[in-house]
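Residue numbering restarts at 1 for every chain, and letters A, B, ... go by the order of the sequence lines.
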There are 2 protein chains.
Amino acid sequence: MGTQQSRPVTLRTIADQLGLHVSTVSRVLHAKPDESLRAASADTVERVRRLADELGYQPNPHATSLRTRRSNLVGVLVPRLSDIVLATIYEGIEEAAAEQGLSTFVANTGDNPEAQRTRTKMVIGRRVDGMIFGDAHADGRFLAEVAGRGIPFVLVSRTCADHPSVTCDDYLGGRLVADHLLELGHRDVAVVAGEPYASTGIDRTAGLVDRYREAGLPIPAHRITHSRFDVPGGHAATARLLDTPEPPTAVFAVNDFAAIGAIGALREQGLRAGADVAVVGFNDTPLAAELPLPLTTVRSPMLEMGRRGLRMLVRLLEGEAVESERLRPELVVRASSAPRP
Amino acid sequence: MGTQQSRPVTLRTIADQLGLHVSTVSRVLHAKPDESLRAASADTVERVRRLADELGYQPNPHATSLRTRRSNLVGVLVPRLSDIVLATIYEGIEEAAAEQGLSTFVANTGDNPEAQRTRTKMVIGRRVDGMIFGDAHADGRFLAEVAGRGIPFVLVSRTCADHPSVTCDDYLGGRLVADHLLELGHRDVAVVAGEPYASTGIDRTAGLVDRYREAGLPIPAHRITHSRFDVPGGHAATARLLDTPEPPTAVFAVNDFAAIGAIGALREQGLRAGADVAVVGFNDTPLAAELPLPLTTVRSPMLEMGRRGLRMLVRLLEGEAVESERLRPELVVRASSAPRP
DNA sequence: ACATCCTACCCAAACGATTGCCCCAAACGT
DNA sequence: ACGTTTGGGGCAATCGTTTGGGTAGGATGT
């Protein structure tokens, strides 16, 4: 824990106490084993190390960053941390960052372009080494700007153009859902497709739509509607989808929360989710399994996505060429998806 | 947006370009109106300002921090960001921090004392000006250590000893629940009390228990059981509570997620939440209103708690004396709390 | 005409760590 | 015996800001 209370211990504290020069102490403490051997005698190395942790020495990161032009900081932008999906991804990022000795700044942008700009500027002002965006918009304008300014970054959760990203294979996820619903006999499915600018929703929808088309059952446009990624969003969207002479026999919501909203909307119309209408979500958030009506959903490796995203950024910062990763989703069948009535 | 791409623009860039000394530029850019007037002529001030934002100058925070020994950084520790309650509180913190020109580091500790120690150390190593703990443990040992080291901090969500904190008035919240259940005629209520080290659960429980005692209906010890603050935790705890000859007619779970778990456990026993057994949660998370069985709960001002927590820390850093704040909870009655059958 | 006071700046020393270069002494080679 | 290497460290500049002191030249006061 270090015995110091007021005076911060610096390299000089140690150097003076040992009659050495700060540069020597710096080399001893900083360099890897191979280096420190030629920096000082084994005996000196030992004395320096011992005193350093006796005093609880911790290098001043501001001084280091100033000198090295490397902050060991990364900025993370997400739509909302109170969305458990992004929160979990961020947990992965933070975990991996800590392992690498990096720290992260995270900020919400609410998917608002202006906030994206101002928050990015703030974060860059803090001299981060790189950034991770969890709120990429399909139109890619903002990210093009950032790339143009030479800031290294990677994307998580959503893809955009060919910026490096770590995502779930959302398209495949959509296909898995289609396979499942086809198998259950559903010929008429509606999609709560999420925000139109999010690749997650776009790709999940595309996967399902393509698979249905391949099965000879093209999904008409009026069966697809956009929505927010939350409960009220899913509720409203589903209400719209049900406002038709013949309601669909299955609803695919591209997000678990939207799916919960969908269940609510169904109930409101006197339809029983899981019996009259199959409902499938996406992400397998912890709640899905524990709902009164356990939710069929697609598990996406959120924590892993965050971890890999950070490691990809690190490789990028080291100058390596990186390639986008697409993680494998997995269908989890539960009670909410019933066979076609 | 700044026209620079590679060479960072510093005070010197501006000074050289204007034939001034960096110190002059620094004063012009840094000081408040009253100061900058005596730092340079109105004309010079104007030229400096114009060039600064033409070049998109952003002060290097590492240099500033090194010099001033103030980092404008605050560290935040929470049990888990993927818990929506803490995530929301953190959003409030981050929001308020941004308004004050501060940045935050946030880390999960999982309520694990060792993680609390190592993460705190990391954060302090980053030279934060102060900290906010959302994971205080009732036993206060760790926080006493931190206080002993002279790190300024405040608590949010949970209280501990007399460290300054911003919390919901959890005790009152518990009483509100008791009032409600008493009014409904419930004479036999069980409590899913959360983690034993969290003041939230402790106080909410105490509020309910005290009120019931005052009503002449003391709650026996076997009606109270601890649990994790999540769905499986609430499920398991409720299962234990139901494993008795005469099940209670109402269950108070000190957290919405635990309440959802409780509803599941009831169903498993063939009991209908909201009909056979009243269920009340706490926090009024966005889900509560949207559940298949809308949940009676107590609204706690989570975002506001975060915002106030940060502002309290700022006051503390400015040397003001601060006093703990207890925010008002509000009972929200929904379908899950039925009158006693 | 002299001291005095502003005005509008400049100087230089920090803050703490990193790093290319230099240097001294002992050891070594031939 | 003398030049060369090597082991063990010291020197000093540098990163970008802040801030407690100057100081030169003009205006002001008497």
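One interatomic measurement links the two molecules: CG of L20(B) to P of dA8(C), which rounds to 13 Å at whole-angstrom precision. Computed from coordinates, the Q58(B) CD to dC15(D) P distance equals 20 Å when rounded to whole Å. Distance, H62(A) NE2 to dA14(C) P: 21 Å, rounded to whole Å. Rounded to whole angstrom, the span from the CG atom of L11(B) across to the P atom of dT17(D) amounts to 4 Å. We find that CZ of R69(B) is positioned 12 Å from P of dT19(D), with the value rounded to whole Å. Here dT19(D) presents its C1' atom at 17 Å from CZ of R70(B), a figure rounded to the nearest Å. If you measure from atom CG of L29(B) to atom P of dT19(D), you get 14 Å, rounded to the nearest angstrom. Counting to the nearest Å, the P atom of dC15(C) and the CG atom of N60(B) are 18 Å from each other.
The pair R149(A)-E145(A) fails the salt-bridge criterion, with no side-chain N (NZ, NE, NH1 or NH2) lying under 4.0 Å from an Asp/Glu carboxylate O. We find that E94(B) and R119(A) are joined by a salt bridge, their nearest charged nitrogen and carboxylate oxygen being less than 4.0 Å apart.
When the side chain to side chain contact (heavy atoms under 4.5 Å, CB included) test is applied to S199(A), the partners found at least two apart in sequence or on another chain are R158(A), T159(A), D203(A). Under the rule for a side chain to side chain contact (heavy atoms under 4.5 Å, CB included), the partners of V322(B) that lie at least two apart in sequence or sit in another chain are P164(B), M312(B), R315(B), L316(B).
Identified under the salt bridge (Lys or Arg N to Asp or Glu O under 4.0 Å) test for residues 130-141 of chain B, with sequence neighbours left out: none.
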Donor-acceptor pairs under 3.5 Å, side chain of residues 15-24 of chain B to any protein atom, not counting sequence neighbours: which ones?
{"from": "H21(B)", "atom 1": "ND1", "to": "S23(B)", "atom 2": "N", "distance (Å)": "3.1"}
{"from": "H21(B)", "atom 1": "ND1", "to": "S23(B)", "atom 2": "OG", "distance (Å)": "2.9"}

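Listed nucleotides dG16(C), dC9(C), dG16(D) differ in distance to P8(A); the shortest reach to its side chain belongs to dG16(C).
Scanning all heavy atoms of the two residues, the minimum distance from Y57(A) to V9(A) falls at CD1-O, 3.4 Å.
At most 12 non-hydrogen atoms from other residues, nucleotides or ligands lie less than 6.0 angstrom from CZ of R50(B).
Contact annotation: the side chain of V74(B) never approaches that of D129(B) to less than 4.5 Å [non-hydrogen atoms, C-beta and beyond].
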Under 3.5 Å, which N/O atoms of the protein pair with N/O atoms of nucleotides 19-24 of chain C?
{"from": "dG20(C)", "atom 1": "O6", "to": "R27(A)", "atom 2": "NH2", "distance (Å)": "2.6"}

Distances under 3.5 Å only, N/O to N/O: pair up the protein atoms with those of nucleotides 23-28 of chain D.
none

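The phosphate of dG16(C) has neither OP1 nor OP2 within less than 4.0 Å of any side-chain N or O from R127(B). Of the side-chain N and O atoms in S41(B), one or more sit less than 4.0 angstrom from OP1 or OP2 of dC9(C).
When the nearest nucleotides of DNA chain C are assigned to T10(A) and G19(B) by heavy-atom distance, the more 5′-ward of the two goes with G19(B).
Within 4.0 Å (heavy atoms only), S65(A) reaches no atom of the nucleic acid at all.
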